[in-house]
Amino acid sequence: MTKLLLRAARGESVPHTPVWFMRQAGRSLPEYRELRAGIGMLESCRRPDLVCEITLQPVRRHKVDAAILYSDIVVPLQAAGIDLDIVAGTGPVVASPVRTMADVTATRPLEAGDVTFVTEAIRLLLAELGSTALIGFAGAPFTLASYLIEGGPSRHHVLTKALMYGAPDVWHALCERLADITRTFLQVQIDAGVDAIQLFDSWAGALSEADYRRFVLPHSRAVLSSLSGCPRIHFGVGTSELLPAMAEADADVVGVDWRTPLDVATSRVPGRPLQGNLDPCVLLAPWEVVAAEARRVLAEGSKAPGHIFNLGHGVLPETDPDVLTRLVELIHSTE
Ligand code: CP3
């Protein structure tokens with residue numbers, strides 16, 4: 001029997017809507033915080049036993065239809081030799097930001113041999129997961145470039161855009177390098193046996209459609225079009241105006257944040273299965289509100305050729321995990 005997530009991703013009929021949550025591992029789970037005590041984030045990503053256990057935690061607890069490999073978008077960058085760390089309470093921090101052609105030239109491609117810990121973690125996971133799908137992922141060139149250029153998290157991506165507009169040759173050279181690293185990282189995960197992949201372009205919504213098409217789409221398409229054999233999900237935040245362009249980047253499934261109702265989203269990308277899009281903040285409201293909003297998302301999602309239920313962005317750390325468990329039950333019991 002084909003895994004439910006794959007059937008929905010191909011627009012085939014399903015007995016109930018499959019559901020998983022972006023950032024479902026970690027964050028809100030006490031068993032995750034316990035396991036991570038005293039272990040750095042990036043160190044935990046390089047240990048297959050920990051990756052396997054942390055990836056499985058939300059599957060056991062919530063009975064979601066998919067696991068997402070525990071990792072981070074900066075893991076392949078570090079594996080390719082870029083000096084960076086993940087600082088608690090901040091996020092990724094890059095030792096020497098990349099801002100000139102010489103900085104770009106100093107980076108190197110990722111080799112499959114740099115990330116054997118990922119292959120090993122996926123091997124361990126496939127032995128445990130049964131009918132639950134395993135999703136691999138990577139960051140898209142724009143979102144990765146933002147961290148490398150800014151040197152860390154950024155609100156308005158000012159330096160990123162200044163480089164994009166002011167030095168397009170450096171911009172495109174950097175994105176070509178990042179597309180290559182991302183392609184290799186996703187191919188390693190596909191070769192190891194993941195069921196689907198998701199390309200996170202979390203911050204692409206900072207761009208106009210024209211700029212997205214000119215500066216980003218060719219690079220994201222270069223990543224997705226080079227991969228085959230499993231569904232490719234393409235997700236960003238604040239991308240209502242970018243949905244058609246993101247679909248054109250060779251995406252099989254388009255991820256939608258909470259700003260665009262799924263019945264509207266499907267009219268923008270006809271024929272494309274959708275993933276989304278409950279506002280993660282709704283999970284902090286009383287249960288009746290959560291249930292009503294989830295039913296609305298299901299009804300709107302039923303207008304698309306296929307629907308994978310998810311949040312519109314990641315689970316917030318303050319979310320009560322029991323609400324997630326109850327939400328999965330609700331999705332599974334709704335026809
Ligand atoms: O949230 C997204 O938009 C998804 C894409 C994304 C990930 N990491 C995927 C991820 C982004 C934009 C990042 C960067 C990042 N890494 C941030 C955001 C900083 C900012 O700019 O606002 C942060 C805080 C990190 C560090 C990080 N990544 C931690 C501390 C953890 C473990 C616990 C937690 O908070 O979730 C991660 C894990 C991580 N990053 C996962 C993914 C898909 C795996 C966990 C999961 O999916 O459940």
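Atoms within each ligand, like the ligands themselves, are counted from 1 in listed order. Side chains are part of it too, since the values below use all heavy atoms of this structure and drop only hydrogens, waters and symmetry mates.
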Asker: Heavy-atom contacts with Ile68 under 4.0 Å: which atoms of ligand 1 show up? List them by number with element.
Answerer: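 Selected atoms, number and element: 47 (O).
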Asker: Once the angle between the rings of Trp258 and His313 is folded into 0 to 90°, is it parallel (under 30°), tilted (30 to 60°) or perpendicular (over 60°)?
Answerer: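 Rings of Trp258 and His313: parallel, as their planes differ by under 30°.
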Asker: Under 3.5 Å, is there a donor-acceptor pair linking the side chains of Ser146 and His157?
Answerer: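 His157 and Ser146 do have a side-chain donor-acceptor pair below 3.5 Å.
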Asker: Within the 4.0 Å heavy-atom shell around Ile73, which atoms of ligand 1 are there?
Answerer: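 In order of number, 6 (C), 7 (C), 8 (N), 9 (C), 11 (C), 12 (C), 13 (C), 14 (C).
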Asker: Side-chain contact test, heavy atoms from C-beta onward, threshold under 4.5 Å: evaluate it for Leu207 versus Lys161 and give yes or no.
Answerer: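 Leu207 reaches Lys161 side chain to side chain.
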Asker: Starting from atom 24 (C) of ligand 1, locate the nearest protein heavy atom and write down its residue, its atom name and how far away it is, to 0.1 Å.
Answerer: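 Among all protein heavy atoms, the one nearest atom 24 (C) of ligand 1 is Gly91 CA, 3.8 Å.
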Asker: Can an N or O of Tyr147 be found at a distance shorter than 3.5 Å from an N or O of ligand 1?
Answerer: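 For ligand 1, there is an N or O atom that lies under 3.5 Å from one belonging to Tyr147.
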Asker: Only heavy atoms of Ile86, strictly under 4.0 Å: list the atoms of ligand 1 that pass.
Answerer: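 Per the distance check, 26 (C).
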Asker: Would you say CD of Glu209 has more than 12 non-hydrogen atoms from neighbouring residues, nucleotides or ligands within 6.0 angstrom?
Answerer: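 It does: Glu209 CD has more than 12 such atoms within range.
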Asker: Going by the side-chain contact (heavy atoms from CB on, under 4.5 Å) test, name the single residue among His307, Gln275, Arg232, Arg10 that passes it with Val253.
Answerer: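 By the side-chain contact (heavy atoms from CB on, under 4.5 Å) criterion, Val253 pairs with just one of His307, Gln275, Arg232, Arg10: Gln275.
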Asker: Tell me whether Arg221 is salt-bridged to Asp250, with the criterion being a basic N under 4.0 Å from an acidic carboxylate O.
Answerer: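 No, no charged N to carboxylate O under 4.0 Å.
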Asker: For Arg60, is the CZ atom crowded, meaning more than 12 foreign heavy atoms sit under 6.0 Å from it?
Answerer: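 Counting neighbours around CZ of Arg60, more than 12 heavy atoms of other residues, nucleotides or ligands fall under 6.0 Å, so yes.
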Asker: Do NZ/NE/NH1/NH2 and the carboxylate oxygens of Glu31 and Arg61 come within less than 4.0 Å?
Answerer: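 Looking at Glu31 and Arg61, the cut-off is met.
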Asker: Any N or O on Gln24 sitting closer than 3.5 Å to an N or O of ligand 1?
Answerer: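 Checking ligand 1 against Gln24, an N or O pair does fall under 3.5 Å apart.
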Asker: Should Met22 be listed as contacting ligand 1, given a heavy-atom distance under 4.0 Å as the test?
Answerer: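 False for this residue.
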Asker: So which protein heavy atom does atom 37 (C) of ligand 1 come closest to, and at what separation?
Answerer: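 Scanning the protein heavy atoms, the shortest distance from atom 37 (C) of ligand 1 goes to Met41 CE, 3.2 Å.
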Asker: Check ligand 1 against His313 and write out every atom of the ligand that is under 4.0 Å from a heavy-atom position of the residue.
Answerer: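 Contacts of ligand 1 toward His313, numbered from 1: 1 (O), 2 (C), 3 (O).
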Asker: Starting from atom 43 (C) of ligand 1, which protein heavy atom do you reach first, and at what distance in Å?
Answerer: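 Heavy-atom neighbour on the protein nearest atom 43 (C) of ligand 1: Phe137 CZ, 3.4 Å.
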Asker: Quick one: nearest non-hydrogen protein atom to atom 35 (O) of ligand 1, plus distance?
Answerer: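 Answer for atom 35 (O) of ligand 1: Arg27 NE, 2.8 Å.
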Asker: Out of curiosity, is Phe21 lining ligand 1, as in a heavy atom under 4.0 Å away?
Answerer: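 The answer is no, since Phe21 has no heavy atom less than 4.0 Å from ligand 1.
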Asker: If hydrophobic clusters are built by linking Ile, Leu, Val, Met, Phe, Trp and Tyr wherever their side-chain heavy atoms come under 4.5 Å apart, do Val59 and Leu124 end up in the same one?
Answerer: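 Val59 and Leu124: separate clusters.
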Asker: If you take the nearest heavy atom of each of Ser71, Pro92, Cys45, which one is closest to atom 38 (C) of ligand 1?
Answerer: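 When every heavy atom of Ser71, Pro92, Cys45 is considered, Ser71 comes closest to atom 38 (C) of ligand 1.
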Asker: Has ligand 1 got any nitrogen or oxygen that is less than 3.5 angstrom from a nitrogen or oxygen of Arg36?
Answerer: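 Not met; the criterion fails.
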Asker: Provide, to 0.1 Å, the distance between atom 32 (C) of ligand 1 and the closest protein heavy atom, together with that atom's residue and name.
Answerer: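 Here the nearest protein heavy atom works out to Tyr32 OH, 3.1 Å.
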Asker: Number the atoms of ligand 1 from 1 as they appear, then name those within less than 4.0 Å of a heavy atom of Ala25, with their elements.
Answerer: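 Reading through ligand 1 atom by atom, the close ones are 36 (O), 45 (C), 46 (C), 48 (O).
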Asker: Would you kindly specify which portion of Arg23 sits under 4.0 Å from ligand 1, judged on non-hydrogen atoms: side chain, backbone, both or neither?
Answerer: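 For Arg23, the contact with ligand 1 is made by both the backbone and the side chain.
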Asker: So His16 and His332, would you call those rings parallel, tilted or perpendicular, with 30° and 60° as cut-offs?
Answerer: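 Tilted.
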Asker: Linking I/L/V/M/F/W/Y whenever any side-chain heavy atoms sit under 4.5 Å apart, do Val237 and Leu199 land together?
Answerer: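 Val237 clusters together with Leu199.
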Asker: Look at atom 27 (C) of ligand 1 and find which of Leu69, Asp72, Ile135 reaches it with the closest heavy atom.
Answerer: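 Of the listed residues, Asp72 has the closest heavy atom.
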Asker: With a 4.5 Å cut-off on side-chain heavy atoms, are Phe137 and Ile233 touching?
Answerer: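 Counting from C-beta outward, Ile233 and Phe137 never come under 4.5 Å.
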Asker: Do Leu77 and Val170 belong to the same hydrophobic cluster, where Ile, Leu, Val, Met, Phe, Trp and Tyr are linked whenever their side-chain heavy atoms lie under 4.5 Å apart, directly or via other members?
Answerer: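 Hydrophobic grouping puts Leu77 with Val170.
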Asker: Return yes or no for this condition: an N or O of Thr143 is under 3.5 Å from an N or O of ligand 1.
Answerer: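 No; the residue has no nitrogen or oxygen that sits under 3.5 Å from a nitrogen or oxygen of the ligand.
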Asker: What do you reckon, does Phe235 put a non-hydrogen atom under 4.0 Å from ligand 1?
Answerer: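 No; Phe235 lies far enough from ligand 1 that no heavy-atom distance drops under 4.0 Å.
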Asker: Starting from atom 5 (C) of ligand 1, find the nearest protein heavy-atom neighbour and note its residue, name and distance.
Answerer: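 I find the closest protein heavy atom is Ser202 OG, 3.3 Å.
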Asker: Going by the atom numbers of ligand 1, which of them fall below 4.0 Å from some non-hydrogen atom of Phe200?
Answerer: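 Numbered from 1, ligand 1 contributes 4 (C), 5 (C).
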